[in-house]
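All values below come from the heavy atoms of this structure, side chains included, with hydrogens, waters and symmetry mates left out. Counting from 1, the numbers follow the sequence of the chain as shown.
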Amino acid sequence: MASYDLIVIGTGPGGYVCAIRAAQLGMKVAVIEKRATFGGTCLNIGCIPSKALLQASERFEEVTHMLPKMGVNVGKPKLDLPTMMKFKTDGVDGNTKGVAFLFKKNKIDPYEGTGKILGAGKVEVTGNDGKTQVLETKNIVIATGSDVAKLKGVEIDEKRIVSSTGALVLEKVPEKLLVIGAGVIGLELGSVWRRLGAQVTVVEFLDRILPGMDGEVAKSFQRILEKQGVAFKLGAKVTGVDTSGKVLKASVEPAAGGAAEVIDADVVLLAIGRTPYTEGLGLKDAGVELDQRGRVQTDGHFQTNVKGIYAIGDVIAGPMLAHKAEDEGIAIAEILAGQAGHTNYDVIPSVIYTFPEVASVGKTEEELKQAGIAYNVGKFPFTANARTKVNQTTDGFVKILADAKTDRVYGCHIVGAEAGEMIHEAAVLMEFGGSAEDLARTCHAHPTRSEAVKEAALAVGKRAIHM
């Protein structure tokens with residue numbers, strides 16, 4: 001029986017990072033992965049392929065609408081969807097092979113198959129050939145991620161009714177795309193196919209898009225998307241989809257109840273969220289407790305109620321973000337090595353990779369109000385930023401929330417081009433407990449979009465220069 005210091009089940013961002021850090025710290029490590037390639041949902045059918053299509057579709061739209069304004073005329077672009085899909089696949093292939101290389105470099109033993117916990121210290125691996133073997137280990141980390149949340153009356157076939165997985169491999173651009181759910185996944189993939197020519201309608205149960213995002217940001221971003229051609233039906237629910245005809249017919253009702261309407265679509269994308277993936281892990285028999293939402297329960301140090309069994313990432317409480325899982329993976333590896341591993345949940349950035357991008361870190365206005373914290377707001381629009389004005393990418397703004405007494409920054413929210421890159425200067429500031437004044441007095445290069453972040457910090461003290 002092979003014996004290890006640590007076995008990690010799942011090789012998504014949380015799992016593979018955990019395994020590598022543990023190996024760096026001198027542990028003998030094995031990973032178990034059911035897919036033929038490493039990287040989990042993120043690298044194979046999530047973050048990475050979606051960003052490739054977002055990039056490609058953005059360039060397609062740019063050629064059509066932006067380049068002529070700059071005096072660059074190349075004619076009407078022609079979409080070669082198979083080549084675009086190959087561009088996406090090549091990017092995925094490079095990333096998954098990169099993880100395989102890192103495992104080899106760090107002497108991590110990979111096992112292809114599904115892992116089942118037999119109890120503390122023992123994991124059974126069932127290979128794709130059906131053969132089983134039992135591995136012995138001092139510690140187990142569950143990093144199995146999440147799966148697509150289902151909706152009654154909407155059966156996914158990954159052809160016409162698709163999850164994010166199917167939406168990444170459509171063989172042609174749908175004339176009409178109906179997106180169920182106005183969260184990050186629905187808006188990103190809806191943006192891809194709208195740019196390529198689809199008529200996109202988004203149905204959301206709540207009366208707003210982007211649940212959990214700062215309310216002002218969500219309202220502003222919705223207006224931007226509507227200007228781009230995305231239609232929204234908020235406070236509505238899809239109760240079923242008739243697949244009998246050539247065209248899909250979705251029944252849509254008010255969330256509060258009422259008369260239904262029928263919306264035609266060529267493709268329906270179900271994107272109402274994700275649920276923890278714990279199927280086949282043997283958690284019940286092993287005595288590992290789950291919470292009411294099916295997540296693995298852990299203490300403040302990622303340990304379950306069974307000694308020697310830990311969990312990280314989407315399978316536990318917290319935002320379902322790849323980088324949150326990575327931070328947790330490093331933290332638990334360091335804890336197992338006797339170090340002080342830690343994840344700061346107050347400073348986890350979130351990014352929506354549409355155009356413009358939406359990025360946030362820390363608290364929203366709604367959260368500060370609910371907590372009874374007095375705060376100041378500093379906002380600066382990109383219409384007043386020199387770089388965005390000259391580039392004609394002025395949609396959006398920067399918003400900074402700081403404590404009314406101490407000036408400590410509690411949150412930063414950005415709607416704008418490259419917001420996902422700019423958000424990290426606020427994240428670093430917040431990690432060190434910095435103030436809006438600290439940011440306002442930091443020299444920023446001119447002309448850059450990031451100057452808007454400085455100006456928003458100045459605006460907290462009501463002294464923005466260019467507004």
*Kindly determine whether Ile185 and Arg274 satisfy side chain to side chain contact (heavy atoms under 4.5 Å, CB included), including the steps that lead there.*
CA-CA 10 Å; Ile185 295 172; Arg274 297 184 67 82; 4.2 Å; yes
*Check the side chains of Glu365 and Tyr375 for a donor-acceptor pair under 3.5 angstrom, ignoring hydrogens and angles.*
yes
_Distance alone, cut at 3.5 Å: any donor-acceptor contact between the side chains of Gln297 and Asn305?_
no
_Heavy-atom count check: over 12 atoms from other residues, nucleotides or ligands less than 6.0 Å from Gln339 CD?_
yes
*Just by distance, do the side chain of Asn106 and the backbone of Ile108 share a donor-acceptor pair under 3.5 Å?*
no
*Can you spot which of Ile312, Leu281, Thr278 makes a side chain to side chain contact (heavy atoms under 4.5 Å, CB included) with Ile142?*
Leu281
_Tell me if a side-chain donor or acceptor on Asp438 pairs with a main-chain N or O of Ser435 at a distance below 3.5 Å._
yes
*So with a 6.0 Å cut-off around NZ of Lys28, is the heavy-atom count from everything else above 12?*
yes
_To the nearest 0.5 Å, what is the distance between CG on Leu269 and CD1 on Ile156?_
8.5 Å
*Where the side chain of Thr144 meets the backbone of Tyr277, is there a donor-acceptor pair that is under 3.5 Å apart?*
yes
*asked:* Could you go through Trp193 and Val173, starting from their C-alpha distance and side-chain angles, then the distance that decides it, and tell me whether this counts as side chain to side chain contact (heavy atoms under 4.5 Å, CB included)?
replied: CA-CA 7 Å; Trp193 294 107; Val173 179; 3.8 Å; yes
*Is Ser450 close to Glu425 at the side-chain level, that is, under 4.5 Å between some pair of heavy atoms?*
yes
*So, the side chain of Asp407 versus the backbone of Ala436: is there a donor-acceptor pair under 3.5 Å, distance only?*
yes
*With a distance cut-off below 6.0 Å to the six-membered ring centre and an angular limit of 45° from the axis, does Lys237 pair with Phe205 as a cation-pi contact?*
no
*Given the rule in the side chain to side chain contact (heavy atoms under 4.5 Å, CB included) test, do Thr132 and Val134 qualify, once you have shown the distances and angles that lead to the verdict?*
CA-CA 7 Å; Thr132 63; Val134 176; over 6 Å; no
_Side chain His323, main chain Pro349, donor-acceptor under 3.5 Å_ = yes
*Got a donor-acceptor contact below 3.5 angstrom from the Glu188 side chain to the Tyr353 backbone?*
yes
_Lys88 side chain reached by Val169 side chain, heavy atoms, under 4.5 Å_ = yes
*Flag the pair Ser164 / Ile45 as yes when at least one side-chain heavy-atom distance between them is below 4.5 Å, and no otherwise.*
no
*Side-chain donor/acceptor of Lys150 to backbone N/O of Val148, under 3.5 Å*: yes
*Side chain of Glu367, backbone of Thr364: donor and acceptor closer than 3.5 Å?*
yes
_Side-chain touch Gln303/Ile309, heavy atoms, less than 4.5 angstrom_ = no
*Value rounded to 0.5 Å, distance of OG1 in Thr304 from CD in Glu289*: 8.5 Å
*Look up atom CG in Asp314 and atom OG1 in Thr41, then write down how far apart they are to the nearest 0.5 Å.*
8.0 Å
*Is it the case that more than 12 heavy atoms not belonging to Arg408 sit under 6.0 Å from its CZ atom?*
no
_Contact check, side chains of Ile330 and Cys18, non-hydrogen atoms, under 4.5 Å_ = no
*Do Thr393 and Asn391 meet the criterion of a side-chain donor-acceptor pair at a distance under 3.5 Å?*
no
_Could you walk me through whether Ile316 and Lys324 satisfy the side chain to side chain contact (heavy atoms under 4.5 Å, CB included) test, starting with their C-alpha distance in whole Å, then the side-chain angles of each, then the deciding distance to 0.1 Å, before giving a yes or no?_
CA-CA 11 Å; Ile316 69 171; Lys324 174 258 197 184; 3.7 Å; yes
_Side chain proximity check, Phe221 to Thr354, heavy atoms < 4.5 angstrom_ = yes
_With a 3.5 Å distance limit and no angle check, can you tell me whether Thr96 reaches the backbone of Asp93 through a side-chain donor-acceptor pair?_
yes
_Side-chain heavy-atom pair Met84, Leu53 within 4.5 angstrom cut-off_ = yes
_Rounded at 0.5 Å granularity, tell me how far OG1 in Thr201 sits from CG in Leu178._
6.5 Å
*Asp5 side chain to Thr137 side chain, donor-acceptor N/O pair below 3.5 angstrom*: no
*Output the distance between atom CE (Met27) and atom CZ (Arg21), rounded to the nearest 0.5 Å.*
9.0 Å
_So, taking the atom named CG in Asp80 and the one named NZ in Lys78, what distance separates them when rounded to the nearest 0.5 Å?_
8.0 Å
*Are any side-chain N or O atoms of Glu357 and backbone N or O atoms of Gly420, one a donor and one an acceptor, separated by less than 3.5 Å?*
yes
*Report yes if the distance between the aromatic ring centroids of Phe38 and Phe103 is under 6.0 Å, otherwise no.*
yes
*Give a yes or no on whether Glu158 atom CD has more than 12 heavy-atom contacts from other residues, nucleotides or ligands under 6.0 Å away.*
yes
*Taking the side chain as every heavy atom from C-beta outward, state whether Val296 and Val288 have any atom pair closer than 4.5 Å.*
yes
*Report, as yes or no, whether the 6.0 Å neighbourhood of atom NZ on Lys51 holds more than 12 heavy atoms from other residues, nucleotides or ligands.*
yes
